[in-house]
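Single-structure report; data block below.
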Amino acid sequence: MAPLPCFLLLLLLRAASATSPPSRLAPYDLLYADGVRAYFARDWGRAAELLQRSLHSYAGLRAARRSCRASCRREAAFLGDPPAAGPWEAALFERVLQRADCLQHCLGGRLGAAPSAHRASLAVRRDFEQREPYNYLQVAFFQLKKLDQAVSAAHTFFVANPQHLQMREDMEKYRRMSGVKADNFRDLEAAPHWEAYEAGVQHYNADEYLQAVDRLEESLREALSALEECRALCEGPLEEEEEEEEEEMQPGLYEAIAAHYIQVLKCRQQCVLDIATKPGRISATEDFIPSHLDLLQFAYDQVGNQALAAECAASYLLFYPTDEPVLEKMKQYQTELGEDTTVTARKNIHHYVQRSLMEKKLIYYAVEHLGGTFNDPDLWTPDELIPESLKQKYREDQEKQKQETLDVEEREKRGPLPFEGITVTMDSRQMNGTHRVVFDRVLTESECKDLLRLTKAAAGTGDGYRARRSPHTPHERFEGLTVLKATQLAQNGDVDWRDAKLLLQASEKSRKIIESYFTPGKKLHFSFTHLVCRTAVEEEQEGRMDLSHPVHADNCLLDPEGKECWKEPPAYVYRDYSGILYLNDDFQGGGLFFTEMDAVTVTAKVRPKCGRLVAFSSGKENPHGVRAVSRGRRCAIALWYTHSQEHAEQERVKAEELMEQRATEQNQPEGEEYQGTDHSSRSSLEPLAPDGRAGPVSRRHKPGSDRRQHPKQTRARDEF
C-alpha cells in the first residue's frame, strides 16, 4: 500500500483554502471572440471592455499556471529516496499522481472552473503572443475619444509588430495629434529585463560603469525570473503533430511518457531564446545570460570592485571554461585579492548551467535513440555532450560560416569597370561607410528621356501600385513597372518596343557595373527590377513631417533602438547588393541618405540626377532612406541583386524570352543594341570588349527555381 500522509497534508491545505470561494476567471478566448464581434459591430465601448477583460484573463491564466506549478513543486516534490521495500515504479508514480492532483485542485481554485475550460486554439494563442488584441483595442479607444489609452495600445502592438505598415502610419498620425504626450507611448507588455538590459548597455558603452552595474544586475535578475516563469508554462498538454493520411499506432505507456517529457524539456530549453528575443523580433540576442556576466566583470573591475568582478568572471567560465582572456583576468583578480581568497561562481548561475546540461544530455539521448530533432539554443554547449552521430551537421555549419568569411574578404577586391566614360563620383571612404559607391554617366540624357516616356505611357497600366498612395507615406502617389509588365505592354502596343528593351538593357548594364566593382569573378543575379516613380500629392504637403521611404536595410529588419538588424523574414534575406539608377532631377526633395544603425545619424547624402547610379551592399552596414518628395515626380530604376541563383528574378527571364521572340519575328540579330533616339554617337549601353572596344553582349540567363520572397500580408485597420 502506498503511504497516505502526503495526501492528507494536501487535503488539509485545501480545506484551509476553501474558506473563501474563488472568483471565476472567464476563458480569455471567449472574451476575445466576443470583443472582436463587438468591434466589427462598431460597439466600441463593449469592444474595449471585452478586449481588456480578455487580456486580463490571459495574464491571470498564465499567472495561475506559474503559481500553481511552483507551489505544487514544493507540496508534492520529487525528493527523497523511494521506500527500500517498495518498487521504484509505485514510488515514482505516487508522487506523479500527487503532483497532478495538486495542480488540478490549485488551478480549479485559482480559475474558478475546470482548467480544461481555458484551453484556447493555436490561432488564438498566437494572436495573444503577437499582441493582436491591442490592434483592435487602439481603434476602439480612438473611437471612444480616449486618446491616451489608444496611443498606449497602439504602441504596445507596434513594439511587437514593427513591420506592420498600417500601424506605422497610425503611429505617425498619433505623434502629430494635439493632446498626445510622450509618456502615452508606453509598452503595456514591456519585459522588465529588456528595459534594464538596454539601459545597462548604453551606460556601459558610455563608460558610465556604476550605472551600468546597477542596470545589468537588475536585467540579470529579471531575466532569470522571466526564464523560470517561461519554464513553468512548458508543462502543458502534449502538442500533437499534424495528422497523417494513415493513422499511426498509439504509443505505449513509456513511449508516450518519454515523448511528452522530451517536449517539455525542449520547451524549457527554448525559454532561453524567448527571454533573449526582443519583442517584435524572431532572432534572439546571442549568449544573453553569459554576456551579462562578461559585461559585469569588466564593469566591476572598472569601479574597483575586484571581488565581484572575479565572481562574475568565475560565473562566465562555467559557460566558456577555456576562454583565454577571462582566464587571464581571473589570474589577475586572484593576485589582487590574495591567494588565500577563494573565488567561486554565483550559486544561481551554477544551478542554471548544471540544470541546462542535464536537460541537454537527456534531449540528445532521445534524439539519438528515439528520433526527432533538437535545435540547441546555446553556443556554449560542450562538444563532448553532443553524440558523435549528430556532430556532422555541426561541422557542416562551421564550414559554411568559414566560407562566408572568405566571401567577405573577396568583396574587398575591386575590378575594372566594363564600360567606358563612367566615372566614380563617390566611393565608400567619401560616403563615410563601407560597400557604397556612386557612378555617373551610366545613361545619356536621351536614354533618360526614353525611359521617362515609358513611365508616362505605362502610368495608367502599370503593376499593382498604379494611381495608389505610396505604401510608405500617404503624401505621395506610387507608380511601378516591372520588366515583364513593360514587355507585355510593348507586346500589346501600349508602349514602344525600343523603350521596353531599353529598360532591360539599362538594368543589365547596372548589374555588370556593380558586379565588376564589388564582386569580380562572382556572379550577381537579378533579384528584382522595378521602374518606380513617386509623385508629390500637392494638397497633402502642408505640415508634412515624414519621409518618402523610412530608414531601412534591404536584407534585414532594422532595430534602431537596439542598434541591430535582424536577418530574418519578412526581410529579403537573400539580397546581397542594391542599386538605384536615377532618371531625372526636376523635382524637390527625394534625395537618398545613409545613416548609422540608429537611423538618425546621417553619414552620406546622394542627390538624384539623370544617369547616376548608387550601389551598396544590402545589409545592416547600409541603413538608408529617401527624403520626402515635396513637389514634382521622382523616377528611378530600383535594382536588387543576389548571389543565389535560386532567388533569381523569374519575371526577367520571361521578359527576355518575349524580347527574343520579338527579335526573331522582326529578323533582328539578338545581340543588336537599341541606340536610343540619339543616333549621333554610340549608345552608352554598349559594354567594352576585353581590348577596350565596344561590342555586343548576350543577355541569356538561366532561370532560377523560385519566385522572389514576399513579406506575409498583415491585417490593416484604419479607422482615422
Side-chain angles (χ1 to χ4, degrees), residues 32 35-36 39 44 47-48 51-52 54-55 58-59 126-144 146-177 179-195 197-198 274 277-285 469-475 545-547 549-553 556-566 568-571 595 597-600 623 625 711-720:
Y32 180 47
V36 172
Y39 173 93
W44 306 117
L51 289 167
Q52 285 181 295
S54 73
L55 289 164
Y58 178 68
R126 283 177 176 168
D127 267 9
F128 276 75
E129 289 168 3
Q130 296 167 2
R131 306 187 181 183
E132 188 65 31
Y134 288 101
N135 197 0
Y136 292 102
L137 198 54
Q138 65 103 6
V139 177
F141 278 136
F142 180 82
Q143 295 292 342
L144 293 169
K146 297 180 178 180
L147 199 56
D148 55 340
Q149 292 175 277
V151 173
S152 296
H155 183 74
T156 302
F157 175 79
F158 188 61
V159 166
N161 300 273
Q163 77 284 357
H164 197 290
L165 295 178
Q166 181 63 56
M167 187 57 77
R168 181 180 297 174
E169 184 176 324
D170 289 353
M171 294 297 290
E172 290 299 324
K173 291 177 181 177
Y174 281 131
R175 288 189 177 92
R176 294 195 297 268
M177 287 181 182
V180 174
K181 302 176 183 177
D183 58 1
N184 294 149
F185 294 89
R186 62 183 185 276
D187 183 3
L188 302 175
E189 299 280 349
H193 68 277
W194 268 111
E195 181 183 356
Y197 177 73
E198 292 183 336
D274 289 347
T277 304
K278 189 177 179 181
R281 298 289 173 255
I282 299 173
S283 301
T285 300
R469 295 295 174 93
S470 167
H472 307 296
T473 172
H475 306 289
M545 300 171 62
D546 63 346
L547 298 170
H549 198 150
V551 175
H552 63 285
C556 55
L557 301 174
L558 186 62
D559 176 11
E561 292 183 5
K563 295 185 180 179
E564 185 54 80
C565 202
W566 306 93
E568 61 196 25
T595 72
M597 292 282 286
D598 60 7
V600 175
K712 63 182 180 182
Q713 292 183 348
T714 50
R715 282 177 283 180
R717 288 183 290 276
D718 184 6
E719 297 291 338
F720 290 101

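Only a predicted model underlies this, so the values are computations on that prediction, with no experimental measurement involved.
Between Phe157 and Leu137 the shortest side-chain heavy-atom distance does not fall below 4.5 Å. Within the 4.5 Å cutoff, side-chain heavy atoms of Gln52 are placed close to those of Phe141. Using a 4.5 Å cut-off on side-chain heavy atoms (C-beta onward), Asp546 and Glu169 make no contact. Side-chain contact between Phe142 and Met177 is present, with heavy atoms from C-beta onward closer than 4.5 Å. Residues Leu147 and Tyr174 are in side-chain contact: their nearest non-hydrogen atoms beyond the backbone lie under 4.5 Å apart. Considering only heavy atoms from C-beta on, Phe158 stays 4.5 Å or farther from Phe185 through its side chain.
Of all the heavy atoms in Ala47 and Gly35, the pair that sits closest is CB-O, 3.7 Å. For the residue pair Pro570 and Leu557, the shortest heavy atom distance occurs at CD-CD1, 3.8 Å. Between Trp194 and Thr277 the shortest heavy-atom distance is NE1-O, 3.5 Å.
Side chain of Asn135 to main chain of Glu132: no donor-acceptor pair is present (N/O by atom type, distance under 3.5 Å, no hydrogens or angles). Thr156 contributes no side-chain N or O that, together with a main-chain N or O of Glu189, makes up a donor-acceptor pair within less than 3.5 Å.
Shown here is Gln149, whose CD atom has more than 12 heavy atoms of other residues, nucleotides or ligands within 6.0 Å. By the neighbour-count criterion of 12 heavy atoms within 6.0 Å, atom CZ of Arg175 is densely surrounded, having more than that number from other residues, nucleotides or ligands. Other residues, nucleotides and ligands place more than 12 heavy atoms under 6.0 Å from the CD atom of Glu172.
The aromatic rings of Phe128 and Tyr58 sit tilted relative to each other, their planes meeting at an angle between 30° and 60°.
One finds a salt bridge joining Lys278 and Glu198 here, because a Lys/Arg side-chain nitrogen approaches an Asp/Glu carboxylate oxygen to under 4.0 Å.
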